[in-house]
2 protein chains.
Amino acid sequence: MATQPVAAGRPATIHDIAALCGVAASTVSRALANPDRVNIRTRERIQAAAVELNYTPNSQAKALSSGRTGAVGVLVPDITNPFYFDLIRGTQLQLKAAGYTQLLVDTEESDEVEASTLEQLRKSADGVIVAASRLNDEALAAAAASMPMVTVNRDVDGVPAVIIDTPSAMPQALDHLISLGHTSVAYVSGPAVSQSSARRWAALSAAAESRGVDVRIIGPFAPKTQSGAAAADAAVHSGVTACIVFNDLIAIGMLQRLRERGLRVPEDMSIVGCDDIFGADFCNPPLTTMSSPIEQAGRVAVSMLLAQLNPLAGGGNRNRSVMPTHLTVRGSTGPASPN
Amino acid sequence: MATQPVAAGRPATIHDIAALCGVAASTVSRALANPDRVNIRTRERIQAAAVELNYTPNSQAKALSSGRTGAVGVLVPDITNPFYFDLIRGTQLQLKAAGYTQLLVDTEESDEVEASTLEQLRKSADGVIVAASRLNDEALAAAAASMPMVTVNRDVDGVPAVIIDTPSAMPQALDHLISLGHTSVAYVSGPAVSQSSARRWAALSAAAESRGVDVRIIGPFAPKTQSGAAAADAAVHSGVTACIVFNDLIAIGMLQRLRERGLRVPEDMSIVGCDDIFGADFCNPPLTTMSSPIEQAGRVAVSMLLAQLNPLAGGGNRNRSVMPTHLTVRGSTGPASPN
DNA sequence: ACCAGCCTGACAACCGATTGCCAAAATCTG
DNA sequence: CAGATTTTGGCAATCGGTTGTCAGGCTGGT
């Protein structure tokens, strides 16, 4: 089939179409962009020519003249953290559906990388989705003021956010442990700059107070399985019989460490994770954890961002969306040892 | 601190600098791009002004006029497959170090999505890294001819490739099983269009032949944990005592299924995975698998691509790089049951 | 048939750089 | 000190579109 234009290697431009149809380039631009600004007959000729020449608009040129880039940045602190997989997939799907390109950046848990990335993206993206930002509130608010932004798991005044409501599952988790007979529980905290960790701890300690059980905090720990060893040792040393852990990565690392030390889970120590990441269901023992619709969170974040970009398109401009979370009980929690 | 230019919201352009320094825009461009084309004094004035105005070049404009976009596409079949995490991180780090932006795309295991993505990237990226392509050889070669490309785990004539040499570890794996007394082994194959799976099977069956053991192939199976159930059932039904599995995802799924069915690993069935992904070390039992330096593979792929983009920069233009693989023995393999 | 007013499409400026070409200036040479 | 050579920096075209402005053609009303 000779559908390919005989033309040279150079891809077709708007000018080629114009020449072929005997009209001006601007007319071609209009015919393709806002079709009713152009006579239907001309338009059809142009569209036919565009198809024949296998025309695809040059996105750089479009971006340069229109100011819109058709790209959205997605910033995550650590690409290799499974928690972000589903989030990324959610944003990717929704962005693609809307005709946007996703620029995925791993900010390496660093506020500086995050800040410089945002600065760069100001010019090269129409907006950004920032997951688990490591920036302080001022910096984040400033960045949000300079370009459309949606945060995930980070609540800053005036910045639209998708919040994965893990704190609300904290009482559930605590009650679960209490019902198993635990009275002394540790919260294994995440990075000091993580708002998520702070919120989880706040919710947990409030719940503990109202129930009259002893909950202490240990940490902070980096959100990696490797941190699990230190966390496990700290937990054992603190004498608690159960831990609620900032995230599954650390929790899984703790599982491994406890096993190494000859301690049994859940007989000697119950562990509750957070996020229900890939692996939480098949680690040993399977991890009791808090689950939420992460991929959906990604999709919602994109929708909220697009609503900012096209204010006209209506759709009640929510600026805060909360994703539900629930406790998923598996094998890593059990009755407190009679001790 | 008032480092910020008093200037309006609009970010500084090359013209602002030119005006401030009383030179032409082209001079500014040169001063910043190839500094020795311009008098050192002028250059310093310009650089100072650039700093003062907080100038950052507009990447679209740069791309439009220079033809180079400063972006590299990275295509993976499934973002949520942990195998690609380290690869992605490797490419990201190396690309960032070289001043490139990574455009990460999930092609959803679909050749069509892959093809259309490549088409789009032709205009908006300087090159692409294609991992585990689902395209046929002709389509891939054609795409490679139209833009700089490096493949990962895909060998096509004339296309530079990084090959993760899992096949070379197949004899190791087989010998490991033989030494444990297994004489009847199944290869659990991956997607029919996966060249990796084909190569692994070829290596395995060759090794089996030379050793006189019985190896059969079952599958194909999609590279997801969910496929593990069907794979496990098929393996059990085939009567083998050990499986070498296309990848860890399927292997982990099999572990779960076998447990559900009341079969013990490794007592009733030994399982060898492939890739040593996140989770392989903490699943139950920990998975014997084949490991390679995946992140390094990503970095090498980028280096090879950059070598294509800047041919001058020297650096022996290899067009094929093989990453070593070795067997990592964990708990999922054990002596064959006397049966 | 005449004039107002709407359609249509062309012209040209512009987005923010890069780059070939050329002239003025500075330096070197004899 | 004149002529040759090298620097240095400006002009203007170009990349591929978008968009404001405007003139001419067509329509309709009277």
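What you see is a predicted model; the values in this text were computed from it and never measured.
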Closest to side chain of Asn39(B), choosing from dG9(D), dT18(D), dG17(D): dG9(D)
Polar side-chain contact Arg37(A)-dG9(C) base: donor and acceptor under 3.5 Å: yes
5'-most by nearest nucleotide on DNA chain D - Gly22(B) or Thr27(A): Gly22(B)
pair Gln102(B)-Leu104(A): side-chain heavy atoms closer than 4.5 Å: no
Touch class at under 4.0 angstrom, heavy-atom based, for Thr13(A) against every strand present: sugar-phosphate
d(CD1, Ile14(A); C1', dG9(C)) in whole Å: 13 Å
Whole-Å gap separating C1' (dC15(C)) and CG (Asn58(B)): 8 Å
Short side-chain N/O contact from Ser29(B) to OP1 or OP2 of dA17(C), under 4.0 Å: no
d(CD1, Ile17(B); C1', dG9(D)) in whole Å: 16 Å
Gln60(A) CD to dT14(D) C1', straight-line distance once rounded to whole Å: 15 Å
Sugar-phosphate only, base, or nothing, as touched by Arg41(A) at under 4.0 Å among non-hydrogen atoms: nothing
Whether Ser321(B) side chain and Val162(B) backbone form a donor-acceptor pair below 3.5 Å: no
First encountered from the 5' end of DNA chain D, between Pro57(A) and Val28(B): Val28(B)
Any N/O donor-acceptor pair, Ser65(A) side-chain to dC14(C) base, under 3.5 Å: no
Heavy-atom donor-acceptor pair, Arg30(A) side-chain to dG17(D) base, under 3.5 Å: no
Length of the CG-P vector between Asn34(B) and dA17(C), whole Å: 16 Å
Phosphate-side-chain proximity, Thr42(B) and dG9(D), N/O vs OP1/OP2 below 4.0 Å: yes
Whole angstrom value for the distance that separates P of dG16(D) from CG of Leu53(A): 14 Å
Nearest to side-chain heavy atoms of Ser26(A), which nucleotide of dA12(D), dA12(C), dA17(C): dA12(C)
For atom NZ of Lys62(B) and atom C1' of dC15(C), their distance in whole Å: 16 Å
Note: Asp137(A)-Arg154(A) ion pair, threshold 4.0 Å (strictly below): yes
Distance, rounded to the nearest Å, where Ile40(B) contributes CD1 and dG9(D) contributes C1': 16 Å
Arg43(A) side-chain N/O to Pro35(A) backbone N/O, donor-acceptor pair under 3.5 Å: yes
Sugar-phosphate, base or nothing in reach of Arg68(B), heavy atoms under 4.0 Å: sugar-phosphate
Given Thr69(A), Thr91(A), Leu309(A), Leu305(A), the one that forms side chain to side chain contact (heavy atoms under 4.5 Å, CB included) with Tyr100(A): Leu309(A)
